[in-house]
Amino acid sequence: VRMNVLADCLKSIINAEKRGKRQVLIRPASKVVIRFLRLMQKHGYIGEFEVIDDHRSNKIVVDLVGRLNKCGVISPRFDIALTDIEQVATDLLPSRQFGYVVLTTTYGILDHEEARKRHTGGKLLGYFF
């Protein structure tokens, strides 16, 4: 039984990345997974990805670029106030120069820098660097 679709997705991406694979197949897909991947793609940590409709809960094929060191999910999804975002980022990420903490906010799924720009807190989803 799948408990957390996003956690499974990120774990399979990291395992494929460690093995040096060029592509990875992720199933099942969900809206949260797709938005998380879109964020990783925007920052250049993964390449293109394609959602394949299999008349169930879909699959995603992700092209890896070999830039990702680690990504993970934070469970439970803790509430993060705007003032706490900086502290959470320093706790989770190895350096201030790179890496992103992903939050789900009223503006959608954003990284911590975008959330600070939009002046909003939210719930903690995960991180990647």
Side-chain angles (χ1 to χ4, degrees):
V1 178
R2 290 262 156 101
M3 292 298 169
N4 190 338
V5 177
L6 182 62
D8 289 352
C9 158
L10 296 183
K11 187 56 95 175
S12 57
I13 287 177
I14 271 302
N15 288 342
E17 189 80 74
K18 281 179 183 163
R19 293 281 318 232
K21 300 268 193 269
R22 305 303 308 154
Q23 283 188 325
V24 60
L25 181 73
I26 290 161
R27 43 174 283 268
S30 76
K31 284 195 272 189
V32 174
V33 167
I34 290 169
R35 295 213 178 95
F36 199 101
L37 290 176
R38 203 171 284 144
L39 206 58
M40 288 167 78
Q41 185 182 24
K42 188 179 99 181
H43 294 297
Y45 282 86
I46 60 175
E48 296 295 312
F49 64 91
E50 179 183 15
V51 180
I52 299 162
D53 184 20
D54 60 354
H55 300 297
R56 288 181 196 82
S57 60
N58 299 357
K59 296 183 174 80
I60 307 175
V61 176
V62 181
D63 294 339
L64 301 175
V65 292
R67 241 197 97 191
L68 198 61
N69 298 316
K70 184 149 199 238
C71 61
V73 83
I74 306 293
S75 184
R77 294 179 176 175
F78 293 111
D79 291 334
I80 298 297
L82 180 66
T83 50
D84 305 336
I85 291 179
E86 193 55 46
Q87 184 57 49
V88 168
T90 49
D91 291 348
L92 286 174
L93 303 175
S95 145
R96 294 186 63 144
Q97 275 75 33
F98 67 100
Y100 296 92
V101 174
V102 182
L103 307 165
T104 175
T105 66
T106 48
Y107 300 107
I109 292 178
L110 309 173
D111 61 68
H112 68 283
E113 290 170 3
E114 183 70 29
R116 287 244 301 292
K117 269 194 209 108
R118 299 225 186 150
H119 203 79
T120 181
K123 289 185 182 299
L124 204 51
L125 269 186
Y127 60 91
F128 57 90
F129 54 84

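Computed over heavy atoms, backbone and side chain alike; hydrogens, waters and symmetry mates excluded.
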Less than 4.0 Å between a side-chain N and a carboxylate O, is that true for Arg22 and Asp63?
no
Out of curiosity, Arg38 CZ to Ile46 CD1, how far, rounded to the nearest 0.5 Å?
10.5 Å
Here the pair of heavy atoms bringing Asn58 nearest to Asp54 is N-OD1, 2.9 Å
Inter-residue atom distance Leu92.CG - Leu124.CG, 0.5 Å rounding:
6.5 Å
Can we say Lys21 and Glu17 salt-bridge, meaning some charged N sits less than 4.0 Å from an Asp/Glu carboxylate O?
no
Side chain of Thr120, backbone of Arg116: donor and acceptor closer than 3.5 Å?
no
Please determine whether residues Val61 and Phe49 belong to a single hydrophobic cluster, defined as Ile, Leu, Val, Met, Phe, Trp and Tyr linked transitively by side-chain heavy-atom distances below 4.5 Å.
no
Cluster link Leu110 to Phe129, ILVMFWY, side chain under 4.5 Å:
no
For residues Ile14 and Leu68, determine if any side-chain heavy atom of one lies less than 4.5 Å from a side-chain heavy atom of the other.
yes
Heavy-atom side-chain proximity of Val62 to Leu25 below 4.5 angstrom
no
Hey, does Pro28 have a side-chain heavy atom less than 4.5 Å from the side chain of Arg56?
no
With clusters defined by side-chain heavy atoms of hydrophobic residues (ILVMFWY) lying less than 4.5 Å apart, directly or transitively, does Leu125 cluster with Leu93?
yes
Just verifying a value: how many Å separate Cys9 SG and Arg2 CZ, rounded to the nearest 0.5 Å?
10.0 Å
Between Ala16 and Leu64, what is the shortest heavy-atom contact and its length?
CB-CD1, 3.8 Å
The residue among Asp91, Val88, Ile74 that forms side-chain contact (heavy atoms from CB on, under 4.5 Å) with Tyr127 is Ile74
Could you state the interatomic distance from CZ (Phe36) to CZ (Phe128), rounded to the nearest 0.5 Å?
6.0 Å
Any side-chain heavy-atom pair of Ile109 and Val32 under 4.5 Å
yes
4.5 Å side-chain heavy-atom contact, Lys123 and Phe78
no
dist Ile60:CD1 -> Ile52:CD1 (nearest 0.5 Å) comes out at 9.0 Å
To the nearest 0.5 Å, atom CD1 of Ile85 lies from atom CG of Leu103 at 5.0 Å
Given the rule in the salt bridge (charged side-chain N to carboxylate O under 4.0 Å, His left out) test, do Arg96 and Glu86 qualify, once you have shown the distances and angles that lead to the verdict?
CA-CA 10 Å; Arg96 294 186 63 144; Glu86 193 55 46; 3.6 Å; yes
Between Gly121 and Thr105, which heavy-atom pair has the shortest distance, and what is it?
O-CG2, 3.2 Å
Passes side chain to side chain contact (heavy atoms under 4.5 Å, CB included), Lys59 versus Val51? Steps please.
CA-CA 6 Å; Lys59 296 183 174 80; Val51 180; over 6 Å; no
Any link between Val65 and Phe98 through a network of hydrophobic side chains (Ile, Leu, Val, Met, Phe, Trp, Tyr) touching at under 4.5 Å?
no
Inspect the surroundings of CZ in Arg27 and state if more than 12 heavy atoms from other residues, nucleotides or ligands are less than 6.0 Å away.
no
What's the verdict on salt bridge (charged side-chain N to carboxylate O under 4.0 Å, His left out) for Glu114 and Arg118, showing C-alpha distance, side-chain angles and the deciding distance?
CA-CA 6 Å; Glu114 183 70 29; Arg118 299 225 186 150; 3.2 Å; yes
Okay, side chain of His112, backbone of Val101: is any donor-acceptor separation there less than 3.5 Å?
yes
Of all heavy-atom pairs between Ile26 and Ser12, which one has the smallest distance, and what is that distance?
CG1-OG, 3.9 Å
Less than 4.5 Å apart, any side-chain heavy atom of Ile13 and any of Leu37?
yes
Would you check if Asp111 and His43 make a side-chain contact, meaning some heavy-atom pair closer than 4.5 Å?
yes
